[in-house]
Amino acid sequence: MERNLLREIFFDNHQHWEAFKRKHGAKIRPIVIKEVEKFRDCGDFKNGFKLFVCEGCNDVRKVPYRCKGRFCTTCSVGESEEWSRLLTEDVLQVNHRHVIFTIDEGLRDVFLLHRHLLKDLMDEAAKLLIDFFKKKAKVTPGIIAGLHTFGSRVNFNPHIHMLVTMGGLTKKGEWKQYDFLPFAMLRKQWQTVVLKLIRKGVTEKEKKRIQPRLQKAFTKNGEGFYVYAPKQRGKVKEQLRYIGRYIRRPAIGINRIEAYDGQFVTFKYMDKTDGKEKTETVSVEEFISRLIRHIPDEQFKTIRHYGMYSRRMKNVCKKILSAWQQEVKRWVVKVKKTLRRRTWRERIVASGRKDPLVCSRCECYYEYKGEVCLENGKLEIKVALCPTTRAYLERVINDLTSIQAPQKRKEKEEKHRPQPVQETERQLCLFDVS
C-alpha cells in the first residue's frame, strides 16, 4: 500500500484514532466513524481486487478497490479532477463568475452546532442571485454552488462558492448577457438573509442564547457580510476547469502536511490577512478534531444546482437555447454528446503517467483475468476466466484471510503454482469499478 501521511496520523502504531474514539465517544457523529474507517481500509486487498496478468511474461498485478469515501484524500482528489472535467463539457460555453459568500466569524459555531442550516445557507445564497438577475436583467441564470466548511487553517468556516453564468435565459427563449454584480447591495442583502435564517432555524431558547452573537455580527459588519466575485480571465474552458476543481477540493491536501512526529502535526496554510504562507503545529488530537468536522452528514449534498442548471430545468433550457443558437449563429450550447466517466486507467494516462496496463518488464499488455469481491464480510470470487485463475484467486483469498495453516498453505501453493507466473503487488488507484 502506498504511503499516505494522513493515514499514518490516524492509524499508525500510536493508534490516535482509536484513542480519540475512546475519549470523545458519543460526541462523534456516526457518519464520521463510518467515513474515517472507510478511509482506513481504502486500497486494502482484503476488501476486493481485480486481477491482471501480463500476456508476455506472466507478471501478476492485483488492483485493489477504492473506498470512494468523502474523507479519503486519494479518492476525493481523483473525483474532483473527474468532476471538473465533466463540468466543463456540460455547462453553457459562456462567461461565468466565481462568486463567494462568507459569514461573520462569530456565527461559524452556530452552523457547526446546527448543521441542518447549511442546506438553507446554500439555497438562500442562490435565491439571492437568481432574484437579482430576474429583477435587473429579466433572465434566469445558471448556478452551481459548492459548500466549503473549512478555512485555510482547517478551522470550521462555512462559506459558499458559486459558479454563476453572466447572463441567462429570457422568457422568449433567448440568451441575454449581463455582466454586472452590485457588491455593496449584495453584501447587505446577504447579511440580512443569514441573520434571518439563523433566527428562523433555531429554537426560542437557542435564539436567546445566541442573540448577542447575532447583534454583534450585525453591528460589526456595517457594509454587510463579505461577497466577492472577481472577473475571470482567459479561455472559458480553463476558467471552468479551475473553478470546478476549487469548488470540489478536500479540506486539506497531503502536500500541505509538512511534518508528523507521532504526537504533533505541522501543516502549511495561506494567511488571508497578509497573503503569506505560514505553518502551524497542533497536537494530533486537535488536528483530528478539526479535520472530522468537515465530513458532511449522511446523504448531504455539498454540490447543488440552481436556475438553468437545476435538474428540473437543465435539459429544457438546453433544448430552447439550441434552437435559438441555430437562428442567430451564436453557440452557447455544445452539440449534445454522451458524457462518460473515465476509467482509472484513462485517468492515469491523461495525467501524463505511464499506462498502468503496460508491463514495465516486457512492454506487453496486462489482460483482465478475474475479480474478487467482499460480500457479507467474506471474500468471494466474482469472475475467474479460467481454472488456473480460479485456483490462484482461491490461494490469494486463503492468504488474506489466513484460513489455512501456514505449512499446508505453502505445500498447496508449491503444488499448484504456475511456473512462469511471477507475482508483484503493485497498488494502483481504482476509482471506477464496474
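Residues: numbered from 1 along the sequence shown.
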**Q** Check whether any side-chain N or O of K268 sits under 3.5 Å from a backbone N or O of E258 as a donor-acceptor pair, and report yes or no.
**A** no
**Q** Under 3.5 Å, is there a donor-acceptor pair between the S310 and R312 side chains?
**A** no
**Q** Could you check if a side-chain atom of D179 sits within less than 4.5 angstrom of a side-chain atom of R97, using non-hydrogen atoms only?
**A** yes
**Q** Determine yes or no for a side-chain-to-main-chain donor-acceptor pair under 3.5 angstrom, with R213 supplying the side chain and G106 the backbone.
**A** yes
**Q** Under 30°, 30 to 60°, or over 60°: which ring-plane class applies to F11 and F39, parallel, tilted or perpendicular?
**A** tilted
**Q** Determine whether Y65 and C373 make a side-chain contact, defined as any pair of heavy atoms from C-beta on separated by less than 4.5 Å.
**A** yes
**Q** Nearest 0.5 Å, please: how far is CD in E105 from CG in N155?
**A** 8.0 Å
**Q** Measure from NZ or CZ of R395 to the centre of the six-membered ring of Y392 and say whether it is under 6.0 Å with the direction within 45° of the ring axis.
**A** no
**Q** Please confirm whether the backbone N or O of C72 pairs with a side-chain atom of S76, one donor and one acceptor, at under 3.5 Å?
**A** yes
**Q** Check the pair R85 / R347 against side-chain contact (heavy atoms from CB on, under 4.5 Å), numbers first and verdict last.
**A** CA-CA 11 Å; R85 183 189 71 85; R347 294 187 193 184; over 6 Å; no
**Q** Run the side-chain donor-acceptor check on residues 117-129: report pairs under 3.5 Å with partners two or more places apart or on a different chain.
**A**
from	atom 1	to	atom 2	distance (Å)
K119	NZ	D123	OD2	2.5
D123	OD1	Y306	OH	2.6
K127	NZ	D131	OD2	3.0

**Q** Out of curiosity, K196 NZ to R199 CZ, how far, rounded to the nearest 0.5 Å?
**A** 9.5 Å
**Q** Can you tell whether the side chains of R290 and E286 come within less than 4.0 Å, N to carboxylate O?
**A** yes
**Q** Using a 3.5 Å distance criterion without hydrogens, assess whether the side chain of R256 forms a donor-acceptor pair with backbone atoms of Y269.
**A** no
**Q** Would you indicate whether K207, at its atom NZ, is surrounded by more than 12 heavy atoms from other residues, nucleotides or ligands within a distance under 6.0 Å?
**A** yes
**Q** Evaluate the side-chain proximity of H159 to Y226: yes if any heavy-atom separation is below 4.5 Å, no if none is.
**A** no
**Q** Work out which heavy atom in H14 is nearest to a heavy atom in G262; give both atom names and the distance.
**A** CE1-CA, 3.7 Å
**Q** With distance as the sole test, does W17 use its side chain to make a donor-acceptor pair with the main-chain N or O of R7 at under 3.5 Å?
**A** no
**Q** For V372 and V396: C-alpha separation, side-chain torsions, deciding distance, then whether side-chain contact (heavy atoms from CB on, under 4.5 Å) applies.
**A** CA-CA 10 Å; V372 172; V396 173; over 6 Å; no
**Q** Donor-acceptor check, side chain of E298 to backbone of I31, threshold 3.5 angstrom: yes or no?
**A** no
**Q** Would you say E223 has more than 12 foreign heavy atoms packed within less than 6.0 Å of its CD?
**A** no
**Q** Taking all non-hydrogen atoms of both residues, which atom of P64 and which atom of F45 are closest, and how far apart?
**A** CD-CE2, 3.8 Å
**Q** So, taking the atom named OG1 in T343 and the one named CD1 in I348, what distance separates them when rounded to the nearest 0.5 Å?
**A** 8.5 Å
**Q** Got a second to check how far I254's CD1 is from E8's CD, nearest 0.5 Å?
**A** 9.5 Å
**Q** Does the distance from a Lys or Arg side-chain N to an Asp or Glu carboxylate O, for E367 and K369, drop under 4.0 Å?
**A** yes
**Q** If only atom types and distance count, is the side chain of R293 paired as donor or acceptor with the main-chain N or O of T149 below 3.5 Å?
**A** no
**Q** Donor-acceptor pair, D44 side chain versus N47 backbone, under 3.5 Å?
**A** no
**Q** Under 6.0 Å between the ring centres of H98 and H96?
**A** no
**Q** Please determine whether side-chain contact (heavy atoms from CB on, under 4.5 Å) holds for the pair I28 and K21, giving the CA-CA distance in whole Å, both sets of side-chain angles, and the decisive distance to 0.1 Å.
**A** CA-CA 8 Å; I28 306 174; K21 283 199 298 182; 4.1 Å; yes
**Q** Would you find a donor on one side and an acceptor on the other, under 3.5 Å apart, between the side chain of R66 and the backbone of T74?
**A** no
**Q** State whether a side-chain donor-acceptor pair under 3.5 Å links K188 with Q191.
**A** yes
**Q** Inspect the surroundings of NZ in K354 and state if more than 12 heavy atoms from other residues, nucleotides or ligands are less than 6.0 Å away.
**A** yes
**Q** Going by atom types only, do N221 and D104 share a side-chain donor-acceptor pair under 3.5 Å?
**A** yes
**Q** Is the closest side-chain heavy-atom distance between V383 and Y368 below 4.5 Å?
**A** yes
**Q** Testing the basics here: between H294 and V154, what is the closest heavy-atom pair and its distance to 0.1 Å?
**A** NE2-O, 3.0 Å
**Q** Check for a donor-acceptor pair, side chain of H161 on one end and backbone N or O of H148 on the other, with a separation under 3.5 Å.
**A** no
**Q** Do the numbers put K136 on top of the ring of Y178, so that NZ or CZ is under 6.0 Å from the six-membered ring centre and no more than 45° off the axis?
**A** no
**Q** Closest heavy-atom contact between D90 and K318?
**A** O-NZ, 2.5 Å
**Q** Where do M166 and V94 land on the side-chain contact (heavy atoms from CB on, under 4.5 Å) test, with the steps shown first?
**A** CA-CA 7 Å; M166 287 296 96; V94 297; over 6 Å; no
**Q** Quick one: does R40's side chain get under 4.5 Å of V36's, heavy atoms only?
**A** no
**Q** Scan R342, R341, K68, R70 and name whichever one has a salt bridge (Lys or Arg N to Asp or Glu O under 4.0 Å) with E79.
**A** R341
**Q** Would you sort out whether R153 and E280 count as a salt bridge (Lys or Arg N to Asp or Glu O under 4.0 Å), showing the intermediate values?
**A** CA-CA 8 Å; R153 296 174 59 197; E280 182 175 359; 2.9 Å; yes
**Q** Check whether any side-chain heavy atom of I143 lies under 4.5 Å from a side-chain heavy atom of V99, and answer yes or no.
**A** no
**Q** Hey, are the side chains of L169 and M313 touching, using non-hydrogen atoms and a 4.5 Å cut-off?
**A** no
**Q** How many angstroms lie between atom NZ of K176 and atom OG1 of T165, to the nearest 0.5 angstrom?
**A** 13.0 Å
**Q** As an exercise, state the distance from CZ of R304 to CZ of R311, rounded to the nearest 0.5 Å.
**A** 11.0 Å
**Q** Counting neighbours of NZ on K38 that are heavy atoms of other residues, nucleotides or ligands and sit closer than 6.0 Å, is the number greater than 12?
**A** yes
**Q** Are any non-hydrogen side-chain atoms of F287 and T266 less than 4.5 angstrom apart?
**A** no
**Q** Looking only at heavy atoms, what is the nearest atom pair of A251 and L291, with distance?
**A** CB-CD1, 4.3 Å
**Q** Indicate the ring-plane relationship of Y260 and H16, choosing parallel, tilted or perpendicular according to the 30° and 60° boundaries.
**A** perpendicular
**Q** Heavy atoms only: give me the nearest A229-L181 pair and the separation to one decimal.
**A** CB-CD1, 3.8 Å
